[in-house]
Amino acid sequence: MSKGLFVTATGTDVGKTFVTALIVKKLRDAGYSAGYYKAVLSGAEKKENGLYAGDADYVSRVARIDEDMKNLVAYVYENAVSPHLAAQIEGNPVEMHVVKAAYEKAASQYDYLTMEGSGGIMCPIRYDSTSQIFLEDVIKELNLTTILVADAGLGTINSVVLSVEYMNHRNIPVKGIIFNHFHGGNVIELDNKKMVEEITGIPVIALVRENDAEINIDADILAALYE
């Protein structure tokens, strides 16, 4: 039976897609049957043959996943705004049953499925008079555990602790934290790691540098995070 893991972040532009790609690549390079899925993508580039799902395509290329793009993302919007607003502008609002069916289809193809979120944990993916869906609702519906991607630099203590506290309050399991944009030997970033671990009680499981081609965590340890 397939195991899953949800990758969320402290906010937009933290590098969640970059880190997700390295995670999936690590597992696949180690011989694991590992796939990728994203429920909602906004800010897609419009091309002649339709909208280009850049995040999904990036992960697919880095991790060398031979998969049709429509199987990697359930909803794609052109406007580079929160998914709920993109849907209000463009139509085709997110339906939970569609997200779940697409996830289950992807999970049937792989032993380990990494699901990437959109923005931070509080990102609304649908908000209208008919339905209100946040990322946390998707996580709970699919019964997933999570890891949290954060920037290694100044300000991350606040953003990580607030995100973790919210997720704990909402009974969303956080298995680990990954720092992106890490610089070796930087006293602020090393202290951020220590402080975040002490305050939250959750380990920083990987430190990712700019343009890393590999994530510095053992594949078996990584696979153990999936449930």
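Residues take their numbers from the sequence shown, with the count starting at 1.
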Derivation of the side chain to side chain contact (heavy atoms under 4.5 Å, CB included) call for Ile215 and Ile23: CA-CA 7 Å; Ile215 191 165; Ile23 288 172; 4.0 Å; yes

Using side-chain heavy atoms (C-beta onward) and a distance below 4.5 Å, is [X] in contact with [Y]?
| X | Y | value |
| --- | --- | --- |
| Pro93 | Asp128 | yes |
| Ile178 | Leu148 | no |
| Leu72 | Met69 | yes |
| Met122 | Leu135 | no |
| Thr146 | Ile172 | yes |
| Leu144 | Leu5 | no |
| Ile65 | Arg28 | yes |
| Asp218 | Lys26 | no |

Whether Tyr226 and Tyr112 hold their rings parallel, tilted or perpendicular, with breakpoints at 30° and 60°: perpendicular

Verdict with reasoning, Thr156 to Phe179, per side chain to side chain contact (heavy atoms under 4.5 Å, CB included): CA-CA 9 Å; Thr156 205; Phe179 274 2; 3.9 Å; yes

Salt-bridge present (Asp55, Lys38; N to O < 4.0 Å): yes

Glu136/Lys140 ion pair, N-O < 4.0 Å: yes

Listed partners of Lys105 passing side chain to side chain contact (heavy atoms under 4.5 Å, CB included), at least two apart: Asn71

Donor + acceptor pair across side chains of Tyr32, Asp111 (<3.5 Å): no

Ser60-Glu67 side chain donor-acceptor pair, cut-off 3.5 Å: no

CA sep, side-chain torsions, deciding dist, call: Lys3, Tyr110, side chain to side chain contact (heavy atoms under 4.5 Å, CB included): CA-CA 8 Å; Lys3 296 182 177 182; Tyr110 302 96; over 6 Å; no

Chi angles and distances behind the side chain to side chain contact (heavy atoms under 4.5 Å, CB included) call for Val73, Val76: CA-CA 7 Å; Val73 190; Val76 180; 3.7 Å; yes

Test item: [X] side-chain N/O and [Y] main-chain N/O as donor-acceptor pair under 3.5 Å:
| X | Y | answer |
| --- | --- | --- |
| Asn192 | Ala152 | yes |
| Arg126 | Val94 | yes |
| Glu197 | Pro203 | no |
| Thr200 | Val161 | no |

Under a 4.5 Å side-chain heavy-atom rule over Ile, Leu, Val, Met, Phe, Trp and Tyr, are [X] and [Y] clustered together?
| X | Y | value |
| --- | --- | --- |
| Val196 | Ile199 | yes |
| Tyr52 | Tyr77 | no |
| Ile221 | Ile147 | yes |

Minimum heavy-atom distance [X]-[Y], with the two atoms named:
| X | Y | result |
| --- | --- | --- |
| Asn79 | Ser42 | O-CB, 3.4 Å |
| Leu41 | Ala56 | CD1-N, 4.0 Å |
| Tyr75 | Val98 | OH-CB, 3.3 Å |

Identified side-chain contact (heavy atoms from CB on, under 4.5 Å) counterpart of Ile177 within the set Val149, Ile205, Ile202: Ile202

